[in-house]
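Before any comments, here is the structure.
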Amino acid sequence: MPRIRAAVVGALTLSLALSATACGGGSTGGGSNEQPKTLTYWASNQGASIEVDKKVLQPELDKFEKQTGIKVKLEVVPWADLLNRILTATTSGQGPDVLNIGNTWSASLQASGALLDWDDAAFQKIGGKDRYVDSALGSTGVEGKPPAAVPLYSMAYALYYNKKLFKEAGIAQPPTTWAELVEAGEKLKAKGKNGIGVEGSNLSNNIHQIFVLGKQHGADFFTPDGKADFTSEGAVKAVKQYVDLMAADKIVAPGNAEYAQNQSLSDFTKDKTGMVLWQTAAATFKAQGMADDAYGVVPAPVQSGTPGTGKNVNSMVAGINMAVFKNTKNTDGALKFVKFMGSDEEQKILNKAYGSIPPVKAAQEDPAFNGPATAPLRQTLATSAAALPQVPEESQFETVVGTAVKELFAEAAAGRPVTEASVKAKLDKAQQQMPKK
C-alpha cells in the first residue's frame with residue numbers, strides 16, 4: 001500500500017516556495033519540446049519498498065517507450081522526501097517533467113505556479129475530464145480554477161480487523177460506530193492485545209483522522225473564505241476523541257505515540273493489535289505474510305447511523321495525482337505519458353498492483369475492484385468520503401495541526417491528562433502559525 005504521506009516542510013519553507021514561480025514557468029503549456037525523446041518521472045513510493053515500485057512500473061514504462069519512442073527515466077522518491085523535493089524543484093526549476101503528488105498537496109502546489117494547468121483543452125488531450133470520478137477530481141486543486149494535476153490512484157480509509165483476535169475476544173461483528181470500536185478495543189485489551197493501532201508521530205495520518213472526526217463533529221478547520229479555524233468546538237472535540245483512544249479509552253498502546261513508519265501495520269500482521277484504520281492496506285499485509293482471509297475490511301466508523309455525507313463522512317478522499325512541470329522540455333511527451341498512465345488498461349494494471357482504486361470510471365468496472373478488500377474502499381469513495389480543504393495552506397495545516405496532535409499523543413503516552421482546554425491550547429498555537437488573511 002502507499003506509505004502514508006509525511007508533511008515535513010515547515011511554514012517558512014512552504015511560504016517561500018509558494019511565493020516563487022518555478023524557473024521557466026509561464027502560461028498553460030508554457031514548456032517546450034526541445035527534448036522530444038526523453039522524460040523524467042518522479043514516482044511516489046506506493047509499494048512495500050522502492051524496489052517493488054520499480055518492478056511494477058518499469059515494464060509499463062518500457063511499454064510506453066515501445067509505443068511512442070519516448071524513454072522515461074524513473075526515480076521512485078520516498079514519501080518522507082517527496083514534498084521537500086518538489087518544493088525545491090518549484091523554486092529552482094530543476095525538477096522532473098512528470099511527477100506524482102499527494103492529492104492533498106494539489107492546491108498548495110498549484111499556488112506555486114510551477115505546474116501545468118489542466119484546463120479543458122489539456123484534459124481533452126488525455127481523453128476528457130468526464131472519464132474520472134468526481135471524488136478524485138475534487139482533490140486536484142482550488143475549486144473554480146483549472147486542476148493542477150490528474151488523478152492516478154484513488155484510496156480511502158477503512159477499518160481492518162484481525163479475524164483471529166476478534167474470535168478469541170468474543171467479538172461477533174466488526175464495529176460500525178466509534179462507541180462500538182471502543183467496546184471492541186476493550187475486549188481485545190482484556191485478552192492482552194492492543195485494541196487499535198495509530199501512527200501518533202505521522203503528521204499526515206493525524207490530519208486524515210482528525211479531519212474525518214471534524215466532519216463528524218461539524219468542523220471544517222477552514223472557513224469558507226479560506227481562513228484557518230482550528231479552535232472551533234467541533235475541531236476540539238475531534239482531536240480529543242482521537243487522542244482519547246490512548247488517553248482515556250486506553251485501547252491504543254502508549255508506544256504508538258512514536259509510530260510514524262507504518263509500525264501499526266506490523267503490529268496488526270503479528271497479531272499484536274486487533275484493528276487499524278488505513279488506506280488500501282491489503283498489499284502491505286500480503287508483503288508481511290498475512291493471508292487475505294486472516295483479516296476483514298469494513299467502512300470506517302461514524303458517530304451513529306451509517307456512512308454518508310455531512311456528519312456521516314468516514315474518510316478523506318485519499319489518492320495520488322500526476323502533475324507536469326510547466327518548464328518541461330517535452331510538453332507533448334508529458335501529455336502522452338499522463339494519457340498512457342490514465343488509460344483504462346494501465347489503470348487496471350497499476351491499481352491492481354497497489355491495491356488502490358482506479359479514479360477512471362471504466363477501469364473501476366473490473367471485478368478486481370469489487371473484492372472483499374476493495375469493495376468497501378470503492379463504496380466509501382462513492383458515497384462517504386470528503387476532500388481535504390483545497391486551500392494553498394493545506395500543507396501547512398498538515399504540519400502545524402499534525403504536530404499538535406503528535407504532541408498530545410506524547411502527553412497521553414506519558415500519563416498526563418488530555419483535556420478540552422489542553423487540546424484547544426495546542427490548536428490555538430497551531431493556528432497562530434498559519435498565515436494571516
Side-chain angles (χ1 to χ4, degrees), residues 17-18 20-44 46 57 60-61 64-65 67-77 82-83 85-129 131-132 136-137 139-142 145-153 319-343 346-347 350 359-360 390 392:
L18 297 184
T21 299
C23 299
S27 61
T28 300
S32 68
N33 288 297
E34 296 173 26
Q35 298 175 4
K37 293 298 182 183
T38 60
L39 286 170
T40 53
Y41 173 42
W42 285 359
S44 48
Q46 299 302 122
L57 293 171
E60 308 315 308
L61 305 187
F64 176 74
E65 182 178 5
Q67 292 179 8
T68 64
I70 300 172
K71 183 174 182 59
V72 180
K73 300 176 182 177
L74 171 68
E75 181 181 356
V76 181
V77 184
L82 185 58
L83 184 54
R85 291 278 300 276
I86 294 170
L87 291 174
T88 299
T90 65
T91 55
S92 71
Q94 304 301 310
D97 298 289
V98 184
L99 67 158
N100 289 2
I101 65 173
N103 66 352
T104 65
W105 304 340
S106 295
S108 297
L109 295 175
Q110 184 179 48
S112 74
L115 303 180
L116 176 80
D117 291 329
W118 287 90
D119 56 17
D120 289 342
F123 259 108
Q124 283 304 314
K125 291 180 180 179
I126 63 169
K129 188 183 289 187
R131 296 181 62 245
Y132 295 87
L137 289 172
S139 293
T140 55
V142 176
K145 294 184 178 182
V150 175
L152 181 63
Y153 312 124
I320 312 302
N321 294 340
M322 287 191 89
V324 175
F325 267 107
K326 279 183 179 176
N327 64 348
T328 174
K329 291 183 169 58
N330 189 358
T331 301
D332 290 347
L335 293 178
K336 288 178 182 177
F337 183 52
V338 174
K339 182 178 182 180
F340 171 81
M341 295 289 276
S343 67
E346 290 303 311
Q347 281 287 289
L350 295 170
V360 172
Q390 293 295 297

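As a basis for the values below, the full set of heavy atoms in this structure was taken, side chains included, without hydrogen atoms, waters or symmetry mates. As the structure is a computational prediction, the values presented were derived from the model and not from experiment.
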Practice prompt. Could you grab the distance from atom CD1 of I320 to atom CG of L99, nearest 0.5 Å is fine?
Written response: 11.5 Å
Worksheet item: Hey, are T331 and N33 close enough side-chain-wise for a donor-acceptor pair under 3.5 Å?
Response: no
Worksheet item: How would you list, by chain and number, every residue that makes a side-chain hydrogen bond (donor to acceptor under 3.5 Å, both in side chains) with S106, sequence neighbours excluded?
Response: N321
Discussion item. Assess the residue pair L83 and W105 against the criterion (side chain to side chain contact (heavy atoms under 4.5 Å, CB included)); give the C-alpha distance rounded to whole Å, side-chain angles, the decisive distance to 0.1 Å, and a yes or no.
Written reply: CA-CA 8 Å; L83 184 54; W105 304 340; 3.7 Å; yes
Worksheet item: How many angstroms lie between atom CZ of F123 and atom CG of L137, to the nearest 0.5 angstrom?
Response: 5.5 Å
Worksheet item: Are W118 and I126 close enough, and set up right, to give a side chain to side chain contact (heavy atoms under 4.5 Å, CB included), and what steps lead you there?
Response: CA-CA 10 Å; W118 287 90; I126 63 169; 3.8 Å; yes
Discussion item. I'd like to check K73 versus P96 (side-chain heavy atoms, cut-off strictly below 4.5 Å). Are they in contact?
Written reply: no
Response to the item:
Shortest non-hydrogen pair, E346 vs M341, comes out as CB-O, 3.8 Å
Fill in: Smallest separation among heavy atoms of A89 and F325, with atom names
CB-CZ, 3.7 Å
Worksheet entry | Atom pair CG (L335) and CG (N330), whose distance is rounded to the nearest 0.5 Å | 9.0 Å
Response to the item:
d(I70 CD1, L39 CG) to nearest 0.5 Å is 5.5 Å
Discussion item. Rounded at 0.5 Å granularity, tell me how far CG in L57 sits from CD in E75.
Written reply: 12.5 Å
Item to complete: Show your reasoning for whether side chain to side chain contact (heavy atoms under 4.5 Å, CB included) applies to V72 and F337.
Response: CA-CA 9 Å; V72 180; F337 183 52; 4.2 Å; yes
Worksheet entry | Residue pair N103 / Y153, side-chain heavy-atom distance below 4.5 Å | no
Discussion item. To check you understand the geometry: which heavy-atom pair defines the closest contact between Q110 and V142, and what is its length?
Written reply: OE1-N, 2.8 Å
Discussion item. Using side chain to side chain contact (heavy atoms under 4.5 Å, CB included), reason through L116 and T328 one step at a time and then give a plain yes or no.
Written reply: CA-CA 9 Å; L116 176 80; T328 174; over 6 Å; no
Practice prompt. Look at the aromatic rings of F340 and F64 and report parallel, tilted or perpendicular, splitting at 30° and 60°.
Written response: tilted
Worksheet entry | Exercise: identify the closest heavy-atom pair between M322 and V98 | CE-CG1, 3.4 Å
Worksheet item: Do the non-hydrogen side-chain atoms of Q390 and T104 ever get within less than 4.5 Å of each other?
Response: no
Practice prompt. Would you give the length of the straight line joining atom OG1 of T90 to atom CG of L115, rounded to the nearest 0.5 angstrom?
Written response: 8.0 Å
Worksheet item: For G127 and R131, which heavy atoms make the closest approach, and how far apart are they?
Response: O-CD, 3.3 Å
Practice prompt. State which residues pass salt bridge (Lys or Arg N to Asp or Glu O under 4.0 Å) with E65; sequence neighbours excluded, sorted by chain then number.
Written response: none
